[in-house]
Amino acid sequence: NDIQSTIEIITTAQTETKTDTASETATDTASETATDTVSETATDTASETATDKESEMHTTDTEITSDEKGSSTKDFETSTTENKSSVEANERSTLSEVNMPDSSIESSKPDKDTRTSEVLEDEVSTTDITTNKDETTTLFEVRNPKLVQVSNFKLALSQPKEETVSERVKRILSTVPLIDGHNDFPMSIRENAKNDVEMSHFGCDLTKLEPWASDSTSHTDLRRLRKGMVGGQFWSAYMGCNTQYTDAVQTFLEQIDVIHQLVRNYPDDLQWADSADGIEAAFRSGKIASLVGVESGHAIGSSLAVLRTLYEAGARYMTLTH
């Protein structure tokens with residue numbers, strides 16, 4: 001009866017041991033899967049440990065089976081205690097190696113790691129993807145977590161800084177002339193200074209100087225033109241429709257003359273132009289290209305000869321009506 005009881009205890013212990021072994025094997029498998037992305041070295045160590053443990057467990061099972069068949073005097077309690085101690089020791093060793101990837105990684109490196117982010121092909125693989133902005137980005141899949149930090153940092157530094165709207169506007173306007181097609185300042189000179197260009201004070205801040213500050217049609221001075229990075233300006237020669245069939249031709253010619261005077265009085269900022277080449281030449285010189293636009297067809301008094309005369313005076317467009 002004692003032998004039968006002993007056999008039953010051994011059988012029960014064997015079943016529990018196998019159950020524990022299956023649980024430990026599942027735990028090891030989960031641990032190995034979790035640590036694959038951390039380090040191949042840690043994975044290999046865990047795998048080798050698991051193999052050694054299975055071999056030791058197989059040997060222990062063989063010894064228990066042999067004792068069950070041929071020896072009734074073997075101290076089962078001692079054997080079982082040693083078996084459990086061995087299993088627990090192996091388990092602690094495996095978990096310690098899995099949970100400490102840095103140690104296993106460092107142990108696989110040479111004493112002095114002189115490698116840079118430009119690692120060998122067997123350590124880095126790259127994949128090109130296309131983002132929503134149609135920009136190609138390189139994803140680094142580096143086995144060493146320290147190297148992936150270096151690679152990502154280098155990639156971030158290589159990305160161009162995003163340009164703000166203001167920076168983009170300044171960049172474009174510094175290379176391409178912005179041309180304003182209509183400016184009524186010559187009419188303001190006629191009304192506020194009786195066409196005396198010297199009294200226009202065009203180089204001052206006219207938002208603070210009367211009568212320009214109170215004039216609803218006065219929106220311009222050199223300061224604002226420069227701030228807006230205007231590259232070319234069509235100055236408007238305009239007279240009201242009440243001049244039609246009276247003195248329209250004369251007054252329009254007077255306004256064109258005012259424009260010529262304005263350009264001559266501010267040679268450091270304004271440059272005469274009557275063609276595309278003239279605009280580009282002024283732009284290269286850092287000056288505002290100045291052209292003439294005739295506003296309203298009644299300026300020619302129904303005469304093509306007057307139209308040709310306006311052209312010779314520098315007019316490069318004429319509107320049919322106001």
Side-chain angles (χ1 to χ4, degrees), residues 173 177-275 278-279 281-283 285-301 303 306-322:
L173 296 187
L178 171 66
I179 301 175
D180 182 7
H182 177 271
N183 192 315
D184 271 328
F185 188 71
M187 188 62 183
S188 294
I189 297 176
R190 185 182 185 92
E191 294 178 348
N192 296 322
K194 299 184 184 304
N195 275 355
D196 186 352
V197 177
E198 295 290 344
M199 297 298 294
S200 68
H201 306 293
F202 192 55
C204 299
D205 183 0
L206 297 185
T207 63
K208 302 177 181 179
L209 185 64
E210 295 293 348
W212 317 98
S214 301
D215 186 355
S216 61
T217 64
S218 176
H219 306 140
T220 302
D221 52 44
L222 277 177
R223 171 178 163 273
R224 280 176 279 183
L225 288 176
R226 286 301 196 184
K227 184 177 181 181
M229 301 182 70
V230 175
Q233 179 67 73
F234 272 96
W235 301 103
S236 178
Y238 166 72
M239 289 302 299
C241 294
N242 59 337
T243 62
Q244 188 174 14
Y245 305 122
T246 57
D247 57 353
V249 174
Q250 175 188 336
T251 54
F252 270 94
L253 287 173
E254 290 172 354
Q255 291 309 103
I256 292 176
D257 179 66
V258 167
I259 296 170
H260 280 276
Q261 290 185 61
L262 184 65
V263 175
R264 286 195 299 268
N265 280 17
Y266 298 92
D268 294 336
D269 297 284
L270 305 179
Q271 182 171 318
W272 181 257
D274 55 14
S275 65
I279 295 174
F283 186 73
S285 300
K287 300 179 181 180
I288 301 171
S290 296
L291 305 93
V292 175
V294 175
E295 189 175 354
S296 288
H298 66 273
I300 66 174
S303 171
V306 175
L307 177 62
R308 287 189 291 270
T309 302
L310 295 179
Y311 180 85
E312 291 298 327
R316 286 300 177 266
Y317 78 70
M318 182 183 74
T319 64
L320 296 179
T321 61
H322 179 260

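None of these values were measured; they are calculated from a predicted model.
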message = Side chains of Tyr266 and Ser200, heavy atoms from C-beta outward: is any pair under 4.5 Å?
response = yes

query = Does Tyr317 use its side chain to pair, donor to acceptor, with the backbone of Gly181 at less than 3.5 Å?
reply = yes

inquiry  = Checking the side chain of Arg316 only, and the main-chain atoms of Gly293 only, is there a donor and an acceptor separated by less than 3.5 Å?
reply    = no

remark   = Of all heavy-atom pairs linking Asp221 and Thr207, the shortest is OD2-N, 4.2 Å

key: Test of ring centre spacing under 6.0 Å for Tyr245 and His298   = no

ask   = Which atoms form the tightest heavy-atom contact between Leu291 and Ser275, and what is the distance?
value = CD2-N, 4.5 Å

message = Please check this pair: side chain of His182 against backbone of Glu295, looking for a donor-acceptor N/O pair closer than 3.5 Å.
response = no

inquiry  = Which heavy atom of Pro186 sits nearest to which heavy atom of Asn195, and what is that distance?
reply    = O-OD1, 4.2 Å

message = Surrounding CE of Met229 (heavy atoms of other residues, nucleotides or ligands, distance under 6.0 Å), is the total greater than 12?
response = yes

query = Where do Leu222 and Leu270 land on the side chain to side chain contact (heavy atoms under 4.5 Å, CB included) test, with the steps shown first?
reply = CA-CA 9 Å; Leu222 277 177; Leu270 305 179; 4.0 Å; yes

request  = Kindly say whether Pro211 contributes a backbone atom to a donor-acceptor pair with the side chain of Ser214 at under 3.5 angstrom?
outcome  = no

key: Minimum-distance pair of heavy atoms, taken over all atoms of Pro267 and Arg264   = CD-O, 3.4 Å

ask   = Counting only N and O atoms by type, is there a donor-acceptor contact under 3.5 Å from the side chain of Thr319 to the main-chain atoms of Ser296?
value = yes

inquiry  = Would you say that Trp272 contacts Ile259 through its side chain, given a criterion of any heavy-atom pair below 4.5 Å between the two side chains?
reply    = yes

Minimum heavy-atom distance between Ala237 and Ile256, given as atom pair plus value = CB-CG1, 3.9 Å

key: Polar side-chain atom of Arg190 near backbone of Gln255 as donor-acceptor pair, under 3.5 Å   = no

request  = Assign the ring pair Phe202 / Trp235 to parallel, tilted or perpendicular, where the plane angle (0 to 90°) is split at 30° and 60°.
outcome  = perpendicular

request  = Mind listing the closest non-hydrogen atom pair of Ser188 and Trp212 along with its distance?
outcome  = O-CZ3, 3.5 Å

ask   = Which value, rounded to the nearest 0.5 Å, describes the distance between Met318 atom CE and Ile300 atom CD1?
value = 4.5 Å

note = d(Leu225 CG, Phe185 CZ) to nearest 0.5 Å is 9.5 Å

ask   = Quick one: CG on Leu310 to CG on Leu253, what's the gap to the nearest 0.5 Å?
value = 5.5 Å

remark   = The reported gap from CD in Glu191 to CG in Asp184 (rounded to nearest 0.5 angstrom) is 9.0 Å

note = dist Glu198:CD -> Asn265:CG (nearest 0.5 Å) comes out at 4.5 Å

remark   = Output for pair (His219 NE2, Leu206 CG), nearest 0.5 Å, gives 12.0 Å

